[in-house]
Peer 1: 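Take a look at the following structure, please.
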Amino acid sequence: MSEGVVFPVNPADGKRSSVYGGKQILADSVAQLDPKLAEAIRGEKDWRYQYPGHFVASIQASLRSPAAALQNARDGLAAVHRQFQFVRGGQALSLAEALGQTGQGFRTHVVR
């Protein structure tokens, strides 16, 4: 099992998947703004070739207002924290749970 931050597990086949994770995160980011778009994203069968259109539609939904842009960003980040996992020593936690256990939170650094 890989350690560190890993892609979500697709419940359909039990495998880690960037496609599954990407679809879920993008859909969750727009679900409050445009539920039909979220449904279309989750149901997309040809993600490899159709995802750019879904990203454009997501951006268009977020451009409706400053509040919509913030909603999209907050919901997308929350989805990343729910969907991605952090694995260490064979134990998998959601990214949100793992970050909560560090006691350090987020920090920024300048790289020169």
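From a predicted model like this one, the values you see are computed outputs, not experimental measurements. Side chains included, hydrogens not; waters and symmetry mates left out as well; all remaining heavy atoms used.
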Peer 1: For residues Leu63 and Leu26: do they belong to one hydrophobic cluster (side chain heavy atoms under 4.5 Å, members Ile, Leu, Val, Met, Phe, Trp, Tyr)?
Peer 2: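 Different clusters.
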Peer 1: Over all heavy atoms of both residues, which pair between Phe84 and Val5 is shortest? Give the atoms and the distance, please.
Peer 2: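 Distance-wise, the nearest heavy atoms are CD2-CG1, 3.9 Å.
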Peer 1: With salt bridge (charged side-chain N to carboxylate O under 4.0 Å, His left out) as the rule and sequence neighbours excluded, what pairs involving residues 67-84 come up?
Peer 2: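 As it turns out, the salt bridge (charged side-chain N to carboxylate O under 4.0 Å, His left out) pairs with a partner in residues 67-84, which skip direct neighbours, are Asp28-Arg82.
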Peer 1: Looking at every non-hydrogen atom in both residues, tell me the closest pair between Lys23 and Ile41 and how far apart they are.
Peer 2: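 Shortest heavy-atom separation between Lys23 and Ile41 comes out as CE-O, 3.2 Å.
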Peer 1: Lys15 vs Asn10, test: side-chain contact (heavy atoms from CB on, under 4.5 Å). Steps then yes/no.
Peer 2: CA-CA 6 Å; Lys15 296 179 181 177; Asn10 183 339; 5.7 Å; no
Peer 1: Answer with yes or no whether the hydrophobic clustering places Leu70 together with Val80; edges join I, L, V, M, F, W, Y residues whose side-chain heavy atoms lie under 4.5 Å apart.
Peer 2: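 Result: no, two separate clusters.
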Peer 1: Does Val9 belong to the same Ile/Leu/Val/Met/Phe/Trp/Tyr cluster as Val87, with side-chain heavy atoms less than 4.5 Å apart forming each link?
Peer 2: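 No; Val87 is not reachable from Val9 via cluster members.
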Peer 1: Compare every heavy atom of Ala31 with every heavy atom of Ala38, then report the nearest pair and how far apart it is.
Peer 2: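 Between these two residues, the closest heavy atoms are CB-CA, 3.8 Å.
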Peer 1: Working to the nearest 0.5 angstrom, can you tell me the gap between Phe86 CZ and Gln91 CD?
Peer 2: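 Here the rounded value is 10.0 Å.
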Peer 1: Side-chain donor-acceptor pairs under 3.5 Å in residues 45-58, sequence neighbours left out?
Peer 2:
unit_1: His54; atom_1: NE2; unit_2: Glu44; atom_2: OE1; d: 2.8
unit_1: Ser58; atom_1: OG; unit_2: Asn72; atom_2: ND2; d: 3.3

Peer 1: Can you run down the salt bridge (charged side-chain N to carboxylate O under 4.0 Å, His left out) pairs that involve residues 50-69, sequence neighbours left out, and say none if there aren't any?
Peer 2: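 Listed once each, the pairs are Asp34-Arg64.
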Peer 1: Checking Glu3 side chain against Gly89 main chain: does a donor-acceptor pair fall under 3.5 Å?
Peer 2: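 Yes; at least one donor-acceptor contact below 3.5 Å.
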Peer 1: Should Leu99 and Ile25 be regarded as members of a common hydrophobic cluster, given that ILVMFWY residues are connected when their side-chain heavy atoms come within less than 4.5 Å of each other, either directly or indirectly?
Peer 2: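 Same cluster: Leu99 reaches Ile25 through Ile, Leu, Val, Met, Phe, Trp or Tyr contacts under 4.5 Å.
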